[in-house]
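Some notes on the structure that comes next.
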Amino acid sequence: MAIRLTAAQARRVAVAAQGFHEPKPTGVVSRAHLKRLIARLQVLQLDSVSVSVRAHYAPVFSRLGPYDRDILDRAAWSHSTRSPRLLVEYWAHEAALMAVDDWPLLRWRMREYAHGRWGTEIVKKNTKLADDIVAAVGELGPATAGQIEAYLESEPRGRKGPWWDRSDTKWVAEALWSSGVLTTATRVGFARHYDLTERVLPADVVDRQVGEAEAIRELTLRAATALGVATEADLRDYFRLGARQVKPAIADLLAAGDIEQVDVDGWSAPAYLRAGQTIPRRDRGTALLCPFDPLIFFRPRVERLFGGFHYRIEIYTPQPKRQFGYYVWPFLLDGHLVGRVDLKADRAAGALQVIGAFTESGRDPVQVAGPLAAQLQSMAGWLGLTDVVVGQRGDLVAHLGAALVS
């Protein structure tokens, strides 16, 4: 008979599995802290929007508190004998940072993306360009698509100008990245600098071969660990896996005792609990969550876990039609999503702007405002900003403004 969890127990398990039940470090956040966190979360999603702070930095702050972002930069985009590269970019959820040692678990995806994830017809008709790009990177070392293109244009070709469409270089370079031939050596101003994978990753990682079934089983187990309790759909989403892949993996993990099937009150589908997972008795965990935080990036799960909390990114919604704002951070207070804030870092003014602040239905704005003010002040300091400025949108702004000056 399957174990039965209440909705509250499932929520506590999920929040704890993501690291929010643990106290934040009292001293300097170290590389060791980051390594343990990555082992728990598995992925830090990348996104180009930087209205407040880029997405991959935020989950670390949410769980560990203010930290030196150079620690993450060095872990992801530099290498030395004393401090070997810890993270590598790939399609782990969407484009994301993941542990270097886990790169072989996605070789099956690299084979699927042999001609890229998008624009495959462009890549298929430009096989010569692909060879030329690999050769160019071999000569140049880490280079952007623009630098690669400029190098190829400067090569003698018997006539003036390139023999391919200028946009093709970016398409093909991205396809080579998706297929694992190239990887990201570093980023400068968030621009990706491609290099040959064998020059960036350790030889034992590049040489390691993992069959698809074994890899999917391991990825499913890691998703179960990161999520704590999850439906099949939740497990699939974490690493963007297919039902055909995950169903046999779940069967294997159940047979091995690595996960166990549970029923959660109010959930229409069976769920799976990571074996040995403690079910917390208390609600804990307070943090601001960026839109791409692993706790909330699968929206159907968010609604199930947090009592119908409906959350959508409104970046592409015309401003007059936005309900909450452009780049909205949900606020987790003692394990519950109780509000949301539309944030912008105004670096010229040295201020973290709260454009809008909203309390969830049934929550007391007075009780939300104080803890939220503390989190916003912590974030402002982390971003090198000296002030938190509250705007006029939302039912929470007056209480939040008062809390910030008290």
Side-chain angles (χ1 to χ4, degrees), residues 10-25 29-47 53-69 71-77 85-103 105-106 215 218-231 234-241 258-259 272-274 276-278 280 284-299 301-302 305-306 311 329-330 332 335 337 379 382:
R11 175 176 44 75
R12 291 178 194 138
V13 166
V15 171
Q18 285 280 308
F20 290 108
H21 270 221
E22 296 183 359
K24 293 179 173 65
V29 174
S30 67
R31 177 185 168 94
H33 288 116
L34 177 62
K35 188 173 183 178
R36 285 195 295 271
L37 183 62
I38 295 298
R40 179 191 290 274
L41 302 183
Q42 303 296 320
V43 296
L44 297 174
Q45 187 171 339
L46 295 162
D47 189 78
V53 65
R54 294 200 189 275
H56 59 286
Y57 294 117
V60 182
F61 166 75
S62 297
R63 291 156 179 81
L64 302 182
Y67 72 102
D68 184 350
R69 281 172 284 169
I71 292 174
L72 181 52
D73 289 341
R74 291 193 298 269
W77 297 304
R85 184 184 299 266
L86 178 64
L87 304 173
V88 62
E89 291 183 28
Y90 193 63
W91 299 114
H93 176 67
E94 289 298 314
L97 293 169
M98 60 185 292
V100 164
D101 287 345
D102 293 343
W103 186 84
L105 295 177
L106 291 164
E218 182 61 27
L219 291 170
T220 304
L221 179 60
R222 290 176 185 227
T225 305
L227 294 170
V229 61
T231 65
D234 299 337
L235 294 172
R236 291 202 316 264
D237 178 79
Y238 211 79
F239 290 103
R240 294 293 203 255
L241 305 174
D258 292 320
I259 60 175
Y272 303 94
L273 183 72
R274 181 67 167 94
Q277 175 71 56
T278 300
R284 287 186 292 175
T286 296
L288 285 160
L289 306 176
C290 88
F292 302 102
D293 191 282
L295 179 63
I296 61 170
F297 57 34
F298 189 43
R299 310 309 188 205
R301 174 178 168 83
V302 175
L305 282 174
F306 295 101
Y311 181 58
W329 297 59
L332 183 76
L337 291 179
M379 175 182 278
W382 173 57

Should Val15 and Phe306 be marked as a side-chain contact (heavy atoms from CB on, under 4.5 Å) after you check the CA-CA gap, both sets of side-chain angles, and the distance that decides it?
CA-CA 10 Å; Val15 171; Phe306 295 101; 4.0 Å; yes
Between Gln277 and Val229, is any pair of side-chain heavy atoms under 4.5 Å apart?
no
Keeping the roles fixed (side chain from Arg85, backbone from Ala76), state whether a donor-acceptor pair exists under 3.5 Å.
yes
His33 side, atom NE2; Ile71 side, atom CD1 - distance, nearest 0.5 Å:
9.5 Å
Could you tell me whether the side chain of Leu289 reaches within less than 4.5 Å of the side chain of Phe297, counting heavy atoms only?
no
Side-chain contact, heavy-atom cut-off 4.5 Å: Val53 with Arg69?
yes
So, taking the atom named CD in Gln42 and the one named OG1 in Thr225, what distance separates them when rounded to the nearest 0.5 Å?
7.0 Å
d(Leu97 CG, Glu89 CD) to nearest 0.5 Å is 5.5 Å
Before you tell me yes or no, could you show the steps for Val302 and Leu337 under side-chain contact (heavy atoms from CB on, under 4.5 Å), namely the whole-Å CA-CA distance, both residues' side-chain angles and the distance that decides it to 0.1 Å?
CA-CA 9 Å; Val302 175; Leu337 291 179; 4.1 Å; yes
Residue pair Tyr311 / Ile296: nearest heavy atoms and the distance that separates them:
CE2-CD1, 4.0 Å
Does Tyr238 reach the main-chain N or O of Ala224 with its side chain, forming a donor-acceptor pair under 3.5 Å?
no
Rounded to the nearest 0.5 Å, how far apart are CG of Leu41 and CG of Leu227?
10.5 Å
Any donor-acceptor pair under 3.5 Å linking the side chain of Arg31 with the backbone of Ala75?
no
Can you find a heavy atom in the side chain of Phe298 that is under 4.5 Å from one in the side chain of Leu305?
no
Tell me the closest heavy-atom pair linking Cys290 and Ala55, and the distance in Å.
SG-O, 3.9 Å
Do Arg284 and Phe20 have side chains that approach each other closer than 4.5 Å (heavy atoms only, starting at C-beta)?
no
Can a salt bridge be assigned to the pair Asp102 and Arg222 using a cut-off of 4.0 Å between side-chain N and carboxylate O?
yes
Let me confirm one number: the CG-CG distance from Leu332 to Asp293, rounded to the nearest 0.5 Å.
9.0 Å
With Met98, which of Ile38, Leu106, Leu44 fulfils side chain to side chain contact (heavy atoms under 4.5 Å, CB included)?
Leu106
Considering non-hydrogen atoms only, spot the tightest contact between Pro280 and His21 and give its length.
CB-CE1, 3.2 Å
List the atom of Pro66, the atom of Trp382, and the distance in Å for their closest heavy-atom pair.
CA-CD1, 3.7 Å
Ionic contact status for Arg240 with Glu94, cut-off 4.0 Å:
yes
Would you compute the distance between atom CG of Leu72 and atom CH2 of Trp77 and round it to the nearest 0.5 angstrom?
6.0 Å
Closest heavy-atom pair, Arg40 versus Gln18, reported as atoms and distance to 0.1 Å, is CD-C, 3.5 Å
So does Asp258 get a backbone contact from the side chain of Arg274, meaning a donor-acceptor N/O pair under 3.5 Å?
yes
Can you check whether Val43's main-chain N or O pairs, donor with acceptor, with His56's side chain at less than 3.5 Å?
no
What is the minimum heavy-atom distance between Ala287 and Ser62, and which atoms define it?
CB-O, 3.4 Å
